[in-house]
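Everything below concerns the one structure shown next.
We use all heavy atoms of the structure for the numbers below, so side chains are in, but hydrogens, waters and symmetry mates are not.
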Amino acid sequence: MTILLMAPQKADGAEGSSWMSFLPLILIIVVFYFFFIRPQMKKSKDQKKFRETLQKGQKVLTIGGIHGRIVELQDTTVTLEVENGVRLRIEKSAIASSTTDTIESK
């Protein structure tokens with residue numbers, strides 16, 4: 001019994017086939033960019049824009065689930081009035097969303 005092993009022959013289109021072998025990798029990178037990186041960048045940009053437009057008297061929700069009204073704004077921190085005059089100073093980055101547009105001051 002004889003086993004013959006043959007080495008692959010190089011064809012004239014060897015350059016095209018080597019480029020085609022990288023095509024799945026390129027497609028994976030493109031899909032990863034459009035489905036993961038790009039949406040995350042957009043979300044981050046929207047959050048930054050939201051935090052820059054915070055106003056005194058606005059009701060907000062923190063990432064920890066605390067509801068409060070903004071009573072003072074600094075560069076990087078916000079003072080929230082939670083209930084019965086209780087005030088908390090938190091970082092702007094801890095504010096997740098607005099619960100209403102604005103409310104009237106007492």
Checklist outcome for this item: Only one of Leu80, Leu88, Val82 passes side-chain contact (heavy atoms from CB on, under 4.5 Å) with Thr62, and that residue is Leu80

Item to check | Over all atoms of both residues, closest heavy-atom pair of Lys59 and Ser98 | outcome: O-OG, 3.3 Å

Next on the checklist: Can you confirm whether Gln74 is buried at CD, in the sense that more than 12 heavy atoms of other residues, nucleotides or ligands lie under 6.0 Å from that atom?
Outcome noted: yes

Next on the checklist: If hydrophobic clusters are built by linking Ile, Leu, Val, Met, Phe, Trp and Tyr wherever their side-chain heavy atoms come under 4.5 Å apart, do Leu23 and Leu25 end up in the same one?
Outcome noted: no

Checklist entry - Nearest heavy-atom pair of Ile95 and Gln47: which atoms, and what distance? => result O-NE2, 3.9 Å

Item to check | Modelled atom types, side-chain donor and acceptor of Glu91 and Thr77, under 3.5 Å | outcome: no

Checklist entry - Which residue, Lys48, Lys43, Lys42, forms the salt bridge (Lys or Arg N to Asp or Glu O under 4.0 Å) with Asp46? => result Lys42

Checklist entry - Should Leu73 and Lys92 be marked as a side chain to side chain contact (heavy atoms under 4.5 Å, CB included) after you check the CA-CA gap, both sets of side-chain angles, and the distance that decides it? => result CA-CA 9 Å; Leu73 288 165; Lys92 279 186 178 179; 4.3 Å; yes

Next on the checklist: Side-chain heavy atoms nearer than 4.5 Å, only ILVMFWY residues, links allowed to pass through others: does that put Leu61 and Phe50 together?
Outcome noted: no

Item to check | Hydrophobic cluster identity match, Phe22 and Leu27, side-chain contacts under 4.5 Å | outcome: no

Checklist entry - Which heavy atom in Thr99 sits nearest to a heavy atom in His67, and how many Å separate them? => result CG2-ND1, 3.8 Å

Item to check | Heavy-atom side-chain contact between Leu54 and Val60 under 4.5 Å | outcome: yes

Item to check | Cluster overlap Val30 with Ile28, hydrophobic side-chain contacts below 4.5 Å | outcome: no

Item to check | Flag, side chain of Glu52 to backbone of Lys49, donor-acceptor distance under 3.5 Å | outcome: no

Checklist outcome for this item: Nearest heavy-atom approach of Val71 to Lys56 is O-CE, 2.8 Å

Next on the checklist: Hydrophobic cluster membership, with links at side-chain heavy-atom distances under 4.5 Å among I/L/V/M/F/W/Y: are Ile29 and Met20 in one?
Outcome noted: no

Item to check | Distance in Å, Arg89 CZ paired with Thr76 OG1, rounded so as to fall on 0.5 Å steps | outcome: 9.5 Å

